[in-house]
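What follows is a set of notes on a single structure, which appears directly below.
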Number of protein chains: 2
Amino acid sequence: MSASAVTPAPTVGRPRAFDMEKALQKALEVFWRKGYEGASLPDLCEAMGINKPSLYAAFGNKEQLFLKTIELYENRPCAFFYPALEHATSYEVVKHMLCGAASTNADPDNPPGCVIVQGALACSESATFVKEALIAKRRAGEVALCTRLEQAKAEGDLPDHSDPAALARYILAVLQGMAVQATSGANCAELKQVAETVLAAWPGKRG
Amino acid sequence: MSASAVTPAPTVGRPRAFDMEKALQKALEVFWRKGYEGASLPDLCEAMGINKPSLYAAFGNKEQLFLKTIELYENRPCAFFYPALEHATSYEVVKHMLCGAASTNADPDNPPGCVIVQGALACSESATFVKEALIAKRRAGEVALCTRLEQAKAEGDLPDHSDPAALARYILAVLQGMAVQATSGANCAELKQVAETVLAAWPGKRG
DNA sequence: AGGAATATTTACCAATCGGTACATTATGGT
DNA sequence: ACCATAATGTACCGATTGGTAAATATTCCT
């Protein structure tokens, strides 16, 4: 995804002096660490290497900037959730989700946790729109996993008595809990133990 | 716990016109719903029915007020975590934790979720102390459960190959994930399904 | 070369933030 | 009745918040 895909590059006028994609990456780091409301405009500008008018011209306002960083977060190379759905068995699907979460949430090169969990969990009224956007993102992940588990049940991968919706909610709860654990200082090995505990009891076929 | 236990009632001077305990309850509601930073002093004052000088005279400042509300949160009648440790088997312990979390996090009479999870998960530097206080609270719960599971292992309740620290981290992750689910709108029945999923696979003896 | 278009810089805006000075009011002790 | 003590209401403080007006700088097009 090039910067010109975010905002069409104009053919005339003074050219932008910064890379929008890199600036978004820096903004993501700030929002990830401090949350939507905890990240101030000076925080963001300093990290992005630009000043406020440039930020507003390029991204709209703080809220739109945040939503764009979330898009980036979900599309970046190390995103693990949606690709995990492609695996052949429900066991492999949840294994890749849980292990991906362990790696990403506790990656020392990134802020701890998950910005979709901690970006706006409890906040003032002025952040309601952002909070609900993140709720929708979490919910979308749960629905996608539920659909995948329904398929697994239809294929005989999961037992007939299993409840895909409940299992999806359970897995999402564990993933979100792992994000909280990571912000509390849990490292990758500790999170992998959580993943292992879940996998050891997974009702689907192995392999 | 009476109000006079919080701050010794003076024998002289104009008497306090509000109930400190009830004011703390109201402050808790605000912090619970909006988080530490998202709750403004006007928000708190309005809910508590007092104005700023009274708040500062009675509770110190915003940070100390928050820490006192957290104490109240952990000690209030519907608190479920530490009492659950007293049950006879590890199965009963985690069952009461998980079911208590389902009830409390999705109680329509209270804000959704858990203030110890969402009070200051990602925030600005000025809230670092509060954030780390909540991390310590969460960690203390995990250590207490770990100790209880070690006892269960020693008693033969949990199998010899089980890892109490990993199990405790897993349960705490689920509890924290349930709090996130509750802030996303999950109801009590949905959270109980998560609890059931965990309990169905619990390695300890039943009953 | 000159103009249209866009980006950058500086300086500013009103609103809100957490926190407090000060005058007033209400109590108990003497 | 009077004083010491403490709580209240009002009105304020400097700092920071998200956001912008206006001037300047850099490009392409003619």
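Just so it is clear: chains get the letters A, B, ... in the order the sequence lines come, proteins before strands, and each one is counted from 1. The figures that follow rest on heavy atoms only: side chains count, while hydrogens, waters and symmetry mates do not.
- Nearest to the side-chain atoms of A/K52 among the listed nucleotides C/dC12, C/dT25, C/dC17 stands C/dC12.
- Residue contacts shown for A/A39 are limited to sugar-phosphate atoms, with no base heavy atom under 4.0 Å away.
- In this structure, B/Y36 atom OH and C/dC17 atom P are separated by 14 Å, rounded to whole Å.
- Of the candidate nucleotides D/dG18, C/dG18, C/dT8, C/dG18 has the atom lying nearest to any side-chain atom of B/Y56.
- To the nearest angstrom, C1' of D/dG19 lies 19 Å from CZ of A/F66.
- Among the atoms of the strands shown, only primed sugar atoms or phosphate atoms (P, OP1, OP2) are found under 4.0 Å from some heavy atom of B/A17.
- Between A/F31 atom CZ and D/dG18 atom C1' the separation is 12 Å, expressed in whole Å.
- In this entry the distance linking CG of A/L44 with C1' of D/dT16 reads 14 Å, nearest Å.
- Remark on DNA chain C: of its neighbouring residues B/P15 and B/K62, the 5'-side contact belongs to B/K62, judged by nearest-heavy-atom nucleotide.
- Looking only at atom types and distance, the side chain of B/D157 has a donor-acceptor partner in the side chain of B/S90 under 3.5 Å away.
- Checking the phosphate oxygens (OP1, OP2) of D/dA7, no side-chain nitrogen or oxygen of B/S54 falls inside 4.0 Å.
- Atom CD in B/E37 sits roughly 12 Å away from atom P in C/dG19 (whole-Å rounding).
- Of all nucleotides listed (D/dG18, C/dT8, D/dT27), D/dG18 comes nearest to the side chain of A/S40.
- Side-chain contact of A/E37 with A/S124: a donor-acceptor pair under 3.5 Å is present, judged by distance alone.
- Checking A/L41 against B/G49, the closest nucleotide of DNA chain D that is more toward the 5' end is the one next to B/G49.
- Checked by distance alone, A/R16 brings no side-chain donor or acceptor within 3.5 Å of a matching partner on the base of C/dA7.
- Note on B/E142 versus B/R139: salt bridge recorded, some NZ/NE/NH1/NH2 to OD/OE distance being below 4.0 Å.
- When each of C/dT8, D/dG18, D/dA7 is scored by its nearest atom to the side-chain atoms of B/R14, the top-ranked nucleotide is D/dA7.
- In this structure, the CD atom of A/E63 is 16 Å from the C1' atom of D/dT17, given to the nearest Å.
- Closest to the side chain of A/P53, out of D/dG19, C/dT10, C/dT27, is C/dT10.
- Here the options are A/R169, A/R138, A/Q176, the test is side chain to side chain donor-acceptor pair (under 3.5 Å), and the partner is B/Q181; only A/Q176 passes.
- Looking only at side-chain heavy atoms (C-beta outward), A/Y170 and B/E196 stay at 4.5 Å or farther from each other.
- For C/dT9, the OP1/OP2 oxygens have a side-chain nitrogen or oxygen of A/N51 closer than 4.0 Å.
- In this entry the distance linking CG of A/N61 with P of C/dC13 reads 22 Å, nearest Å.
- Here the C1' atom of nucleotide C/dT16 and the CD atom of A/E125 are 13 Å apart, to the nearest Å.
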